[in-house]
Amino acid sequence: MASPKVKILLAGSPSLAVPAFQAIVNDQRFQVLGLLTQPDQPAGRGLKLTPPPTKVWALKNGLTVWQPEKLKTWQSALVNIKPDMVVVIAYGQLIPQALLEIPPQGWVNVHGSLLPKYRGAGVLSAPIINGDQQTGISIMKLVKELDAGPVIAQVKINLASDETMGSLASKIGQVAADILPDTLIGYIERRLIPQKQNDSQASYVGLVATADAKIDWHKSALEIERLVRAMQPVPGAWTTWRDQRLKIIEATVSDQSWLNPGKVGLIDGQLAIGSGQGALIINRLQLAGRQAVSGNDFLIGQADVLGEYLA
RNA sequence: CGCGGGGUAGAGCAGUUGGCAGCUCGCCAGGCCCAUAACCUGGAGGUCGUCGGUUCGAAUCCGACCCCCGCAA
């Protein structure tokens, strides 16, 4: 095994990227030069300066970390680092064309969908909202256009009936960790040839905002239940009760439809809310400022919610 | 000093013009019943987040601190 190690610069921000990054660090075929990630941002209560999860991981592993505000001004730094390749998992910024051309092997990206379906930022929630049976990951080369680069490898992931965005994120992170090292080597050795995407079949999903997570009780219970899973754990599908935000954390669909949309009642003794079609049995929910509780516990403490309307 | 809600029995909540600490569920015991997660009776279980102050007396008023949570970013 005389071939030199592949020099890699990692780029990514959320914890979803950590397992795959760790897999590369653990693999003797690679030499990791460091991590490129977003600057620490004010976040959480009190707006304390918070580092991206990958940065915390990188420092623990003794890696150098770069956090440029803007990539445009970071061009010369990348030239000096001299990576053979940059591996990107949810970095959080579009990479300027000029930077894409610097590493000899280019920039390789892990994308959380089966491209060309679901290009864009909301890839994790989209398949759950749409009730897809399958999604997956695509390992692809970055090009100037968003998520449009040629695909090196894809792996399908089955969506469980109770899949949430959170559970899907960990599946994607794990699958990425499983296949990324071999895929990168295969690509470098030209055994895996990037295949151009069929642009005519591309679809786009925008970033999910909290407003998108507000429940419209006139929709069907089936759609609402999917929304609940797609928004879990953040930002959480929500409605309001007495001007307070009420998050629905876990729910199941009932075909009983005698409750009007948004009206709270009991179905088989369980907390339920009417919808446009069928009803939603509420298994777990959280009132603003309170701990998340089961439907039963909520009824014990807030019994007067019965018969009221949520909006 | 970004905005806001909350810490009271195992759980979920009420209780702030200061006056022996409550409700629902659960739990334990007994009863009713062919039987039951139903019903009836009885019972156990709380340093009211912590520390200090005011007061004859503090869950309640004042001060400091710890922890949890919603928004926002």
Side-chain angles (χ1 to χ4, degrees), chain A residues 11-18 36-57 65 67-71 90-94 120-125 164-167 169 205-217 224-225 227-252 254 256 262-273 279-311:
Chain A
S13 301
S15 54
L16 157 69
V18 168
L36 169 65
T37 190
Q38 296 294 321
D40 294 5
Q41 304 283 356
R45 275 168 232 114
L47 298 181
K48 288 184 287 289
L49 217 53
T50 306
T54 49
K55 177 186 178 182
V56 176
W57 165 83
V65 175
Q67 301 176 278
E69 287 286 341
K70 290 182 179 176
L71 282 178
Y91 171 62
Q93 264 184 52
L94 210 56
V123 282
L124 263 49
S125 51
T164 65
M165 179 162 59
S167 67
V205 287
L207 191 60
V208 184
T210 303
D212 303 321
K214 178 163 186 178
I215 294 170
D216 175 358
W217 292 107
I224 297 170
E225 191 271 340
L227 180 74
V228 167
R229 288 188 286 116
M231 296 302 165
Q232 190 55 227
V234 282
W238 58 280
T239 182
T240 58
W241 178 48
R242 296 180 176 173
D243 295 326
Q244 283 195 300
R245 191 171 291 224
L246 184 63
K247 276 190 190 178
I248 308 298
I249 294 173
E250 188 188 324
T252 50
S254 164
Q256 296 196 37
K263 184 164 186 175
V264 182
L266 289 178
I267 290 181
D268 297 331
Q270 293 185 291
L271 180 62
I273 303 172
L280 215 57
I281 307 287
I282 309 301
N283 300 322
R284 197 159 186 80
L285 70 170
Q286 180 177 32
L287 196 57
R290 305 261 182 187
Q291 304 277 13
V293 297
S294 70
N296 277 343
D297 282 350
F298 188 79
L299 280 173
I300 289 170
Q302 312 286 352
D304 46 354
V305 74
L306 288 174
E308 298 204 2
Y309 281 85
L310 307 181

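The chains referred to below are lettered A, B, ... by the order of the sequence lines, with proteins before strands, and numbering in each begins at 1. Note that these values count all heavy atoms, side chains included, but never hydrogens, waters or copies made by symmetry.
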For atom [atom1] of [X] and atom [atom2] of [N], their distance in whole Å:
X	N	atom1	atom2	value
Q244(A)	rC13(B)	CD	P	11 Å
L271(A)	rG12(B)	CG	P	16 Å
L299(A)	rA37(B)	CG	C1'	16 Å
M231(A)	rC71(B)	CE	C1'	17 Å
I300(A)	rA37(B)	CD1	P	17 Å
W241(A)	rG5(B)	CH2	C1'	14 Å
R45(A)	rG2(B)	CZ	P	13 Å
Q302(A)	rA11(B)	CD	C1'	14 Å

Practice problem: For rC71(B), take OP1 and OP2 only and decide whether either is under 4.0 Å from a side-chain N or O of K247(A). | Solution: yes
Quiz item: Under 3.5 Å, is there a donor-acceptor pair between the Q38(A) and Q93(A) side chains?
Solution: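 Checked: Q38(A)/Q93(A) side chains pair up, N/O donor to acceptor below 3.5 Å.
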Quiz item: With a 3.5 Å cut-off and no angle check, do the side chains of T54(A) and S13(A) form a donor-acceptor pair?
Solution: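 Checked: T54(A)/S13(A) side chains show no N/O donor-acceptor pair below 3.5 Å.
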Quiz prompt | Check: R290(A) side chain, rG12(B) base, donor-acceptor under 3.5 Å | solution =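 Such a pair does not exist between side chain and base.
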Self-check item: Atom pair CG/CG of L280(A) and L227(A) - distance to nearest 0.5 Å
Solution: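 Rounded to the nearest 0.5 Å, the CG-CG separation comes to 10.0 Å.
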Quiz item: Would one find more than 12 heavy atoms of other residues, nucleotides or ligands at under 6.0 Å from atom CG of D304(A)?
Solution: yes
Under 4.0 Å between any heavy atoms, over every strand shown, what does [X] touch: base, sugar-phosphate, or nothing? Just pick one.
X	answer
Q41(A)	nothing
T210(A)	sugar-phosphate
G269(A)	nothing
G236(A)	nothing

Suppose you measure atom [atom1] in [N] against the same atom in [M]; what distance do you get, rounded to whole Å?
N	M	atom1	result
rU16(B)	rA59(B)	C1'	9 Å
rA38(B)	rG26(B)	P	6 Å
rG57(B)	rC20(B)	P	15 Å
rA21(B)	rC33(B)	P	40 Å
rU17(B)	rC61(B)	P	9 Å
rG19(B)	rG15(B)	C1'	14 Å
rU60(B)	rG53(B)	C1'	15 Å
rG46(B)	rC27(B)	C1'	16 Å

When both hydrogen-bonding distances must be under 3.5 Å and the geometry is Watson-Crick or G-U wobble, what is [N] paired with, if anything?
N	value
rG42(B)	rC28(B)
rC3(B)	rG70(B)
rG57(B)	none
rG52(B)	rC62(B)

Quiz item: Relative to the 5' end of RNA chain B, which residue comes earlier, G289(A) or G46(A), by the nucleotide with the nearest heavy atom?
Solution: G46(A)
Quiz item: Counting only N and O atoms by type, is there a donor-acceptor contact under 3.5 Å from the side chain of W217(A) to the main-chain atoms of I273(A)?
Solution: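 The answer is no, because no donor-acceptor pair under 3.5 Å joins these two groups.
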Practice problem: Give a yes or no on whether the backbone of D243(A) and the side-chain of T240(A) come within a donor-acceptor separation of less than 3.5 Å. | Solution: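 No.
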Self-check item: From rG12(B), rG70(B), rA73(B), nucleotide with atom closest to A43(A) side chain
Solution: rA73(B)
Self-check item: Close side-chain approach of D40(A) and K55(A), heavy atoms under 4.5 Å
Solution: yes
